[in-house]
Amino acid sequence: MTAADAFDPGGLLRAAGVTGWLHAADIDTGAQVGFGAHAAVPTASVFKLPLLVAFVRQADAGLLDPAERVAVPAADRVFGPTGISAMLDDVTASLRDLCYLMIAVSDNTAADVLLSRVGIDAVNAMLDDLGLTATRVLHDCREMAALLDTDGGEWPVTDPAVIAGLRVLDPASTNRSTPAELTRLLGMVWRDEAASAESCAFVRRLLGLQVWPHRLSSGFPYDDVSVSGKTGTLPTLRAEAGVVEYPDGGRYAVAVFTRSHATALNQPRADAVIGTAARMAIDHLRTHAG
């Protein structure tokens with residue numbers, strides 16, 4: 001029996017009121033399990049992960065200086081409830097500190113400053129170079145917010161008729177990936193293959209500083225298990241891609257994407273099932289190891 005045999009989280013997802021897609025992989029052995037793992041999904045803020053990798057690769061190539069300080073004026077804020085997006089005054093920060101804000105608190109303004117420096121074409125070229133051809137960045141955060149507004153979706157969006165027509169939820173029209181490609185990217189980062197060893201360590205550090213414990217981390221409430229990741233949120237969409245590391249040395253990349261049947265903004269069950277499904281997948285890998 002392979003690790004993928006008998007793995008079916010469908011009942012778990014249905015009980016939480018969501019449809020889901022996920023993939024988990026042992027970073028060192030390559031063993032994997034999935035559920036709709038190759039389906040295209042809108043990435044929401046998870047697109048900030050490939051953007052971060054593209055940033056550090058440009059730093060490795062000498063195309064930018066991570067310590068360069070840039071001004072972020074208050075008049076040019078992007079919508080968002082965290083970080084610089086929520087501040088009232090002009091801010092000056094280094095590019096690498098903007099990376100921290102983009103990942104740790106999912107700061108949309110920081111992300112757009114970095115994307116303007118790295119370039120969308122460069123991010124997609126990097127994805128091609130890494131063989132991640134199903135993953136694409138088409139829009140920055142400002143453009144995604146504009147699409148949401150144009151489609152009648154002033155945040156928070158709870159009208160089912162409006163949600164059904166949102167282009168930011170259509171992977172053909174917005175930033176997209178698959179759970180399997182996101183775990184491949186994370187595996188490359190953890191094996192120091194996505195960039196230099198120093199840059200991959202920087203990426204790992206930032207993913208470990210993310211402040212949201214209510215999704216992926218909720219499935220691993222142990223002091224000796226480390227969870228690093230990046231969340232994504234849009235109306236009815238909740239997601240996280242990250243890495244879970246066990247004290248015995250086991251390292252597992254996992255990506256879980258869900259769409260809730262209800263449209264309420266606050267849905268604790270939909271958040272928690274991301275951690276529960278990830279735990280189910282990793283337990284399956286660990287049980288079937290070897």
Side-chain angles (χ1 to χ4, degrees), residues 40-55 70-91 93 95 98-127 132 134-178 182 212 230-241 257-260 263-267 270:
V41 290
T43 47
S45 282
V46 179
F47 93 91
K48 295 165 185 173
L49 169 59
L51 170 55
L52 178 61
V53 175
F55 173 88
V70 296
V72 187
D76 196 33
R77 295 287 189 266
V78 180
F79 170 78
T82 60
I84 295 173
S85 291
M87 296 180 185
L88 300 177
D89 299 313
D90 295 350
V91 171
L95 291 173
L98 292 178
C99 289
Y100 160 73
L101 290 170
M102 174 179 73
I103 298 299
V105 299
S106 204
D107 184 339
N108 290 338
T109 295
D112 278 11
V113 172
L114 292 166
L115 187 55
S116 68
R117 180 61 61 92
V118 173
I120 285 180
D121 289 345
V123 176
N124 290 320
M126 174 208 74
L127 291 166
L132 305 174
T135 304
R136 280 295 172 270
V137 175
L138 304 181
H139 305 120
D140 63 13
C141 296
R142 188 186 303 277
E143 290 166 340
M144 283 194 285
L147 278 178
L148 196 63
D149 289 343
T150 299
D151 293 341
E154 182 179 348
W155 189 268
V157 188
T158 57
D159 184 336
V162 173
I163 289 172
L166 294 180
R167 284 171 288 176
V168 293
L169 294 174
D170 177 5
S173 303
T174 191
N175 299 342
R176 60 182 176 268
S177 188
T178 70
L182 288 168
W212 318 122
K230 180 68 197 78
T231 61
T233 307
L234 283 169
T236 71
L237 173 70
R238 289 163 175 80
E240 187 159 357
F257 283 73
T258 68
R259 288 287 306 273
S260 58
T263 62
L265 184 63
N266 295 313
Q267 297 191 48

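For reference, positions follow the sequence shown, starting with 1.
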**Student:** Drop me the distance from Thr82's OG1 to Met102's CE, to the nearest 0.5 angstrom.
**Tutor:**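 Rounded to the nearest 0.5 Å, the OG1-CE separation comes to 12.0 Å.
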
**Student:** Got a sec, which residues hit side chain to side chain donor-acceptor pair (under 3.5 Å) with Gln267, two or more places apart in sequence or on another chain?
**Tutor:**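 With neighbours one apart ignored, the set is Ser260.
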
**Student:** Among all residues two or more places apart in sequence or in another chain, which pass the side chain to side chain donor-acceptor pair (under 3.5 Å) test with Thr178?
**Tutor:**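 Testing Thr178 for side chain to side chain donor-acceptor pair (under 3.5 Å), a comparison that skips the adjacent residues, returns none.
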
**Student:** Val46: which residues meet the side-chain contact (heavy atoms from CB on, under 4.5 Å) condition with it, sequence neighbours left out?
**Tutor:**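 If we apply the side-chain contact (heavy atoms from CB on, under 4.5 Å) test to Val46, skipping adjacent residues, the hits are Thr43, Leu182, Ala239, Ala241, Phe257.
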
**Student:** Do you know which two heavy atoms are closest between Ala54 and Val123, and how far apart they sit?
**Tutor:**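 Closest approach of Ala54 to Val123, heavy atoms only: CB-CG2, 3.9 Å.
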
**Student:** Looking at residues at least two apart in the chain, or sitting in another chain, which of them share a side chain to side chain donor-acceptor pair (under 3.5 Å) with Thr158?
**Tutor:**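 Checked Thr158 against side chain to side chain donor-acceptor pair (under 3.5 Å); zero matches.
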
**Student:** Could you tell me whether the side chain of Thr150 and the main chain of Ala146 form a donor-acceptor pair under 3.5 Å?
**Tutor:**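 A pair under 3.5 Å: yes.
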
**Student:** For Arg176, enumerate each residue passing the side chain to side chain donor-acceptor pair (under 3.5 Å) test, keeping only those at least two apart in sequence or located in another chain.
**Tutor:**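 Not a single residue meets the side chain to side chain donor-acceptor pair (under 3.5 Å) criterion with Arg176.
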
**Student:** Which residue pairs pass the salt bridge (charged side-chain N to carboxylate O under 4.0 Å, His left out) test with at least one member in residues 78-90, sequence neighbours excluded?
**Tutor:**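 As it turns out, there is no salt bridge (charged side-chain N to carboxylate O under 4.0 Å, His left out) pair with a partner in residues 78-90 once direct neighbours are skipped.
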
**Student:** How close do Gly80 and Ser85 get, heavy atom to heavy atom, and via which atoms?
**Tutor:**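 So the two residues come closest at O-CB, 3.5 Å.
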
**Student:** Would you please test Leu51 and Val137 for side chain to side chain contact (heavy atoms under 4.5 Å, CB included) and show each step?
**Tutor:** CA-CA 9 Å; Leu51 170 55; Val137 175; over 6 Å; no

**Student:** Only pairs at least two apart or in different chains count here, so list each salt bridge (charged side-chain N to carboxylate O under 4.0 Å, His left out) that has a residue in residues 44-54.
**Tutor:**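 Found none.
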
**Student:** Which pair of heavy atoms, one from Leu138 and one from Ser173, lies closest together, and at what distance?
**Tutor:**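 Looks like CD1-C, 4.1 Å.
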
**Student:** Quick check: closest heavy atoms across Met144 and Phe47, and the distance to 0.1 Å?
**Tutor:**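 That would be CE-CE2, 3.7 Å.
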
**Student:** What's the spacing between Asn108 CG and Asp140 CG if we round to 0.5 Å?
**Tutor:**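 Output value for this atom pair is 9.5 Å.
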
**Student:** Under a 4.5 Å cut-off applied to non-hydrogen side-chain atoms, are Leu101 and Ile84 in contact?
**Tutor:**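 In contact.
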
**Student:** Give the minimum heavy-atom separation between Leu237 and Pro42, together with the two atoms involved.
**Tutor:**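 Smallest interatomic distance, heavy atoms only, reads CD2-O, 3.6 Å.
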
**Student:** Please tabulate, for the side chains in residues 162-169, all donor-acceptor contacts under 3.5 angstrom to protein atoms that are two or more places apart in sequence or on a different chain.
**Tutor:**
residue	atom	partner	partner atom	Å
Arg167	NE	Asp151	OD1	3.2
Arg167	NE	Asp151	OD2	3.2
Arg167	NH2	Asp151	OD1	2.9

**Student:** How long is the span from the CZ atom in Arg117 to the CG atom in Leu95, to the nearest 0.5 Å?
**Tutor:**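 So the gap between those two atoms works out to 5.0 Å.
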
**Student:** If I take atom OG from residue Ser177 and atom CG from residue Leu132, how far apart are they, to the nearest 0.5 angstrom?
**Tutor:**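 Atom-to-atom, Ser177:OG and Leu132:CG are 7.0 Å apart.
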
**Student:** Would you say the side-chain atoms of Thr231 pair up with the backbone N or O of Glu240, donor to acceptor, closer than 3.5 Å?
**Tutor:**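 Judged by distance alone, no pair lies under 3.5 Å.
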
**Student:** Taking all non-hydrogen atoms of both residues, which atom of Arg238 and which atom of Ala264 are closest, and how far apart?
**Tutor:**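 Looking at all heavy atoms of both residues, the closest pair is NH2-O, 3.8 Å.
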
**Student:** Name the residue from His139, Arg136, Glu143 that meets the side-chain contact (heavy atoms from CB on, under 4.5 Å) definition with Asn175.
**Tutor:**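 Result: among His139, Arg136, Glu143, His139 is the only option passing the side-chain contact (heavy atoms from CB on, under 4.5 Å) with Asn175.
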
**Student:** Can you tell me how far apart CG (Asp121) and CE (Met126) are? Round to the nearest 0.5 Å.
**Tutor:**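 The CG atom of Asp121 sits 13.0 Å away from the CE atom of Met126.
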
**Student:** Tell me, please, which residues at least two apart from Arg77 pass salt bridge (charged side-chain N to carboxylate O under 4.0 Å, His left out).
**Tutor:**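 If we apply the salt bridge (charged side-chain N to carboxylate O under 4.0 Å, His left out) test to Arg77, skipping adjacent residues, there are no hits.
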
**Student:** Calculate, to the nearest 0.5 Å, the distance between atoms CG and CG belonging to Leu234 and Leu148 respectively.
**Tutor:**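 The CG atom of Leu148 is 7.0 Å from CG of Leu234, to the nearest 0.5 Å.
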
**Student:** Restricting to salt bridge (charged side-chain N to carboxylate O under 4.0 Å, His left out), what partner residues turn up for Asp76, sequence neighbours left out?
**Tutor:**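 Partners of Asp76 by the salt bridge (charged side-chain N to carboxylate O under 4.0 Å, His left out) criterion, ordered by chain and then number, come out as Arg142.
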
